[in-house]
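Okay, structure first, notes after.
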Amino acid sequence: MPMEKTFDAAAAEQRLYDAWEKAGCFTAGANAKPGADTFCIMIPPPNVTGSLHMGHAFNNTLQDILVRWHRMRGFDTLWQPGQDHAGIATQMVVERELAKDKSNPTRREMGREKFLEKVWEWKQHSGGTIINQLKRLGASCDWSRNAFTMSGAPGAPEGEDGNFHDAVIRVFVEMYNKGLIYRGKRLVNWDPHFETAISDLEVENIEVAGHMWHFKYPLAGGETYTYVEKDEDGNVILEEERDYISIATTRPETMLGDGAVAVHPSDERYAPIVGKLCEIPVGPKEHRRLIPIITDEYPDPDFGSGAVKITGAHDFNDYGVALRNRIPLYVLMDTKGHMRTDGKPYAEEAALARAIAEGHQSASSIDTTAVNLVPEKYRGLDRFEARKQVIADITAEGLAVMVENPKAGEEGEPDLIPFVENKPIMQPFGDRSKVVIEPMLTDQWFVDAEAIVGPALDAVRDGRTQILPERDRKVYFHWLENIEPWCISRQLWWGHQIPVWYDEDGKEYCAATEEEAQAMAGGKTLTRDPDVLDTWFSSGLWPIGTLGWPEKTPELEKYFPTDVLITGFDIIFFWVARMMMMQLAVVDQIPFHTVYVHALVRDEKGKKMSKSLGNVLDPLELIDEFGADAIRFTLTAMAAMGRDLKLSTQRIAGYRNFGTKLWNAARFAEMNGVFENYNPDGSSPNPSETVNRWIVGETARVRAEVDEALAAYRFNDAANALYAFVWGKVCDWYVEFSKPLLMDGTPEQQAETRATMAWVIDQCLILLHPIMPYITEELWGTLGKREKMLVHADWPTYGAELIDADADREMNWVISLIEEVRSARAQMRVPASAQVPMLYTELDADGRAAWDRNEALIKRLARIDSLDAAETMPKGCITIAVEGGTLGLPLEGIIDVAAEKVRLEKSLGKLEKELGGLQGRLKNPKFVDSAPEDVVEETRELAEAKTEEADKLRAALARLAELA
RNA sequence: GGGUGAUUAGCUCAGUGGUAGAGCGCUUCGUUCACAUCGAAGAUGUCGGGAGUUCGAAUCUCUCAUCACCCA
């Protein structure tokens with residue numbers, strides 16, 4: 001049965017993947033040679049809630065290429081797959097599922113234990129989506145080892161057992177005991193939607209249209225001072241008596257929690273009032289709070305009024321100022337971002353705050369964060385509603401800074417209006433919840449990252465771990481050198497619960513189990529810390545955790561440290577840096593020797609793909625349309641290190657066509673009996689026909705190129721080298737060259753050519769397999785009987801010894817002759833179907849020999865019917881100048897002499913331009929003296945060849961002129 | 001504000017000091033037995049601007065411009 005004209009990816013992919021899996025082709029160590037080195041890649045675990053997007057497709061294609069390449073080379077290979085439990089995302093998904101049915105209890109109504117049961121149910125039912133999608137892509141992971149960052153957690157159902165929970169808890173306890181983990185009240189990013197702390201990496205700072213309000217903070221006791229403003233040259237431009245200090249803010253609702261007003265120590269404008277008290281212009285008049293005017297380096301004198309209100313509990317910069325200057329921290333909001341309703345009446349709380357401000361009460365003796373300074377009228381309001389009311393109240397009282405109304409004079413317009421600047425401000429948003437993040441003072445657990453960062457920095461500095469592209473080292477260094485304490489607690493339920501218990505007195509007991517904690521606590525009643533650990537804390541242990549640590553498993557022994565990590569640039573901080581720190585802190589070894597950081601896949605216009613823009617290309621849809629191989633090849637060919645990919649379907653179609661081209665070359669071979677009686681023994685052919693010798697050498701070249709490219713993680717170079725070889729060499733030339741031999745050759749020539757072509761096509765399949773696994777495996781199986789599937793075929797090692805320089809030279813001569821003839825014919829409008837005679841006036845021995853050996857294929861491809869010697873070229877002849885010869889197509893009557901003249905002049909013009917450059921260099925003594933010898937020699941040879949060719953063209957032109 | 005990168009054919013991009021390239025698109029021609037998801041031929045470049053180093057610069061240095069991303 002003849003082969004189909006195209007590869008039916010949709011029909012074959014599933015079948016082939018199943019066959020690989022069924023045969024255990026992907027299991028750790030499959031196809032390993034005895035005593036082989038190991039090669040291990042850890043998949044960056046996708047979220048359990050995730051589904052395959054282009055970034056995954058790209059990332060996993062690159063991993064699969066490396067893995068398949070090493071497996072075929074006989075390494076003991078493991079590609080370790082798994083998923084991340086994704087705390088917030090998963091909890092969000094399950095809560096949303098529950099909410100779909102109104103009769104369901106909410107998470108809180110359900111309670112922690114019940115809810116977690118629901119999460120596990122969801123995980124078992126829907127958590128495998130991305131795994132199946134990765135399989136469609138062709139990812140050759142060892143799925144039997146699929147890992148999960150929550151495996152083995154209490155309450156995990158059957159089938160979810162494993163060591164990960166133990167590993168996480170053990171690391172926490174060890175780090176706690178070493179003092180590397182501590183609990184403390186710190187300002188953290190708080191997500192009011194999910195009511196949990198999040199890390200600063202989970203915050204997106206987005207520029208939004210905002211406002212800057214300007215308010216007057218009256219000086220206490222009606223004091224006044226002379227406010228003087230000067231220009232750059234020191235000339236006074238404004239001088240007035242003031243009884244207030246002007247403050248600009250983008251968040252007026254936080255004024256209620258101000259602890260001070262700060263100015264820069266060098267700011268002369270406010271020097272007279274530093275140390276005095278001023279009044280916060282909001283809240284019941286009888287309880288106006290007084291706060292001190294202090295100096296600090298933080299305020300920028302040139303920004304706004306130069307004076308900054310300090311709200312230590314609700315702003316990161318202010319927090320620093322407050323700590324430096326012992327300014328009390330007043331918390332204004334609850335976990336939902338509403339103004340607090342707890343605590344004592346405002347009058348009492350304000351009195352306490354006033355006592356602190358006036359120095360009658362020590363701030364350190366009480367917990368100021370418990371003091372609720374929200375006046376009754378604002379209590380319970382949403383933070384944004386509170387803002388509106390605060391602004392209205394201050395303005396009504398006349399304490400807003402006023403400016404001239406541009407519309408003054410118009411009907412109903414006042415002369416002055418409050419000074420409100422419209423300006424873009426950077427606002428923090430939760431990357432999951434999309435709500436405005438609130439800096440909040442809360443009790444959280446932290447890793448003392450600074451204490452463990454050293455080894456992670458050293459490992460990259462001294463090259464034990466290499467980051468590619470190299471410039472991303474800087475990103476890594478910059479982040480680690482400025483590392484902040486890592487907040488690892490989350491106020492969620494889905495995750496590893498923190499293994500710390502408290503007794504009635506609040507004393508902490510950190511232990512792996514409740515029994516151990518209980519033993520430590522004696523008979524006291526313990527309650528466990530309700531918080532869970534940041535997901536990245538557990539995924540930070542991914543390399544050792546997936547291999548079975550803390551057990552000393554054979555896999556851990558064998559595959560750790562792993563080899564390469566392939567990941568997106570966006571999680572260098574999230575994950576790469578943390579894995580480096582954690583592995584070095586826990587087992588004192590680097591987790592991998594190479595980190596390949598890749599860029600983003602964008603749409604064809606260069607926009608980031610996003611659901612809201614609607615420009616998302618779904619890899620699964622693309623696989624349906626073009627086949628997985630085409631997607632993979634496209635991503636690979638575009639994977640220039642460190643550059644974003646702009647993906648267009650047109651490009652994918654092009655590489656789908658490339659697959660078809662390969663398919664049809666194989667089909668040609670099959671139709672010509674190339675694979676009949678084909679019994680490869682693993683050796684390379686040693687044919688005698690020049691054409692065959694030539695293609696064997698070209699194959700050896702591309703094999704070396706591919707290996708070199710992959711070894712250097714230059715995936716695009718590997719893909720492009722293969723594309724150029726398979727299409728440009730094998731299909732365009734070799735298949736055509738083979739036709740006369742296969743069809744009209746002697747039995748020996750036929751046999752040799754069949755054997756060579758079978759070998760060449762096999763090499764194409766082998767070399768392409770890591771990038772295009774499906775079509776190559778299908779052809780491998782279709783073309784011949786095989787001992788092993790292609791996925792386990794031996795990767796070749798042959799090299800330059802297969803290159804025959806004479807065959808190379810000869811075939812390149814033949815190719816250029818054919819190209820010259822074709823070009824001349826096309827330009828002179830010789831009908832493509834016309835068989836024409838050819839003459840030569842000179843042809844050296846090499847040329848003569850080349851012609852003789854390749855006559856049949858030259859005639860066929862250039863559509864020539866004879867070659868004869870001539871004394872001179874006849875009238876009306878197209879001249880073909882090649883190395884070592886002048887040939888011509890006598891076409892009197894068919895061609896136009898004038899057109900031939902134009903054609904020759906054009907070629908000559910091009911040649912002369914090139915010659916000008918070459919000879920200019922050669923005439924320059926400095927070039928000859930200082931350039932490397934081989935460069936000079938090369939230039940000289942090139943100049944000679946070009947001169948020779950130009951002479952031939954000139955001679956031809958002269959003849960044309962005589963005739964005319 | 002700090003950092004990083006980009007600027008090469010109409011488009012998307014390779015190209016680490018020695019003859020400016022690929023794919024797509026475009027034009028013309030072509031159904032001869034692998035392939036029209038094809039073949040043949042062709043056109044298109046002040047390599048962002050300027051200066052410098054060098055025998056020689058798309059490539060190294062400086063500078064300017066524009067754009068992008070990351071961090072504050």
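The chains referred to below are lettered A, B, ... by the order of the sequence lines, with proteins before strands, and numbering in each begins at 1. As the structure is a prediction and not an experimental result, all values here were calculated from the model.
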| note | Taking B:G18, B:G42, B:U37 as options, the one with an atom nearest any side-chain atom of A:Thr660 is B:U37
| field | Gap separating the CD1 atom of A:Ile623 from the CD1 atom of A:Ile652, nearest 0.5 angstrom | value | 10.0 Å
| Which part of the nucleic acid, if any, lies within reach of A:Pro925 when heavy atoms closer than 4.0 Å are counted: base, sugar-phosphate only, or nothing? | nothing
| task | Could you check which of B:A34, B:C69, B:G23 has an atom nearest any side-chain atom of A:Met671? | result | B:A34
| query | Could you state the CG-C1' distance from A:Asn657 to B:G39, rounded to the nearest angstrom? | reply | 14 Å
| task | Using Watson-Crick or G-U wobble geometry with both distances below 3.5 Å, tell me the partner of B:G1, or none. | result | B:C71
| From B:U19, B:U12, B:C55, nucleotide with atom closest to A:Leu942 side chain | B:U19
| said: If you only use heavy atoms from C-beta on, which nucleotide in B:G18, B:C55, B:C38 is closest to the side chain of A:Lys661? | reply: B:C38
| message | If I pick the C1' atom on B:U7 and the same atom on B:U12, what distance separates them, to the nearest angstrom? | response | 14 Å
| Which residue, A:Cys731 or A:Arg714, contacts RNA chain B at a nucleotide closer to its 5' end, judged by nearest heavy atom? | A:Arg714
| query | Taking atom P in both B:A68 and B:C13, what distance in whole Å separates the two? | reply | 14 Å
| query | What is the pairing partner of B:U7, taking Watson-Crick or G-U wobble pairs with both distances under 3.5 Å in any strand? | reply | B:A65
| message | With hydrogens left out and only the distance checked, is there a donor-acceptor pair under 3.5 Å joining A:Glu736's side chain and the base of B:A34? | response | yes
| message | Could you identify the nucleotide paired to B:C60, looking across every strand shown and requiring Watson-Crick or G-U wobble geometry with both distances under 3.5 Å? | response | B:G52
| N or O in side chain of A:Asn664 less than 4.0 angstrom from B:C38 OP1/OP2 | no
| message | Taking any heavy-atom pair under 4.0 Å as a contact, classify A:Ala665: base, sugar-phosphate, or nothing. | response | base
| task | Compare side-chain N and O positions of A:Trp727 against OP1 and OP2 of B:A34 and report whether any pair is under 4.0 Å apart. | result | no
| task | Scan every strand shown for a Watson-Crick or G-U wobble partner of B:A14, both distances under 3.5 Å, and answer none if you come up empty. | result | none
| A:Lys906, nearest nucleotide to its side chain (from B:A43, B:G18, B:U19) | B:A43
| Does B:C47 pair with anything, Watson-Crick or G-U wobble, both distances under 3.5 Å, and if so, with which nucleotide? | none
| query | For A:Ser823, which contact category applies under a 4.0 Å heavy-atom criterion: base, sugar-phosphate, or nothing? | reply | sugar-phosphate
| message | Of the options B:U32, B:G23, B:A34, whose atoms approach the side-chain atoms of A:Lys739 most closely? | response | B:A34
| message | Is A:Lys5 close enough to B:A36 that one of its side-chain N or O atoms is under 4.0 Å from OP1 or OP2 there? | response | yes
| Candidates B:G39, B:U19, B:A41 - which lies nearest the side chain of A:Ala826 | B:A41
| request: Could you give me the CA-CA distance, side-chain angles and deciding distance for A:Phe675 and A:Tyr678, then say whether ring pair (Phe, Tyr, Trp, His ring centres under 6.0 Å) is met? | output: CA-CA 5 Å; A:Phe675 284 93; A:Tyr678 174 53; 5.4 Å; yes
| task | Quick one: label A:Arg667 by what it contacts on the DNA or RNA (base, sugar-phosphate, nothing), any heavy atom closer than 4.0 Å. | result | sugar-phosphate
| query | Which base, if any, makes a Watson-Crick or G-U wobble pair with B:C38, both distances under 3.5 Å? | reply | B:G30
| How long is the line joining CE of A:Met3 and P of B:C33, in whole Å? | 18 Å
| Between B:C24 and B:C64 - C1' atom distance, rounded Å | 34 Å
| Separation of the C1' atoms in B:C47 and B:G17, to the nearest angstrom | 15 Å
| query | Taking the same atom, P, in B:U8 and in B:G48, what whole-Å distance lies between them? | reply | 6 Å
| query | What is the distance from CG of A:Leu861 to P of B:U32, rounded to the nearest Å? | reply | 15 Å
| Quick one: is B:C70 close enough that its OP1 or OP2 comes under 4.0 Å of any side-chain N or O from A:Lys474? | no
| field | Nearest-0.5 Å distance, OG1 of residue A:Thr660 to CZ of residue A:Phe7 | value | 9.5 Å
| Closest-nucleotide 5' rank along RNA chain B - winner of A:Arg921 and A:Arg822 | A:Arg921
| task | Send over the distance from A:Glu4 CD to B:C35 C1', rounded to a whole Å. | result | 13 Å
| said: Give me the distance, rounded to whole Å, that separates B:A43 from B:G10 when you measure between the C1' atoms they each carry. | reply: 12 Å
| Among A:Phe725, A:Trp663, A:Tyr723, which one satisfies ring-ring contact (aromatic ring centres under 6.0 Å, His included) with A:Phe658? | A:Tyr723
| said: I need the CZ-P distance between A:Phe927 and B:G17, as an integer number of Å. | reply: 16 Å
| field | Side chain A:Arg471 and base B:U4 donor-acceptor under 3.5 Å | value | no
| query | Heavy-atom distance under 4.5 Å between the side chains of A:Val674 and A:Phe668, does that happen here? | reply | no
| field | Nearest-Å distance once atom C1' is located in both B:U44 and B:A20 | value | 13 Å
| said: Taking the minimum atom-to-atom distance to the side chain of A:Gln650, which one of B:A41, B:C24, B:U19 wins? | reply: B:C24
| task | Could you work out which one of B:A34, B:U4, B:A41 sits closest to the side chain of A:Val735? | result | B:A34
| query | Near A:Glu481 CD, under 6.0 Å, is it more than 12 heavy atoms from other residues, nucleotides or ligands? | reply | yes
| Taking the P atom of each, how far is B:A72 from B:U66, in whole Å? | 26 Å
| task | For the pair A:Asn692 and A:Val760, evaluate side-chain contact (heavy atoms from CB on, under 4.5 Å) and give the outcome as yes or no after the intermediate values. | result | CA-CA 10 Å; A:Asn692 290 330; A:Val760 168; over 6 Å; no
| query | Whole-Å distance between B:U54 P and A:Lys926 NZ? | reply | 9 Å
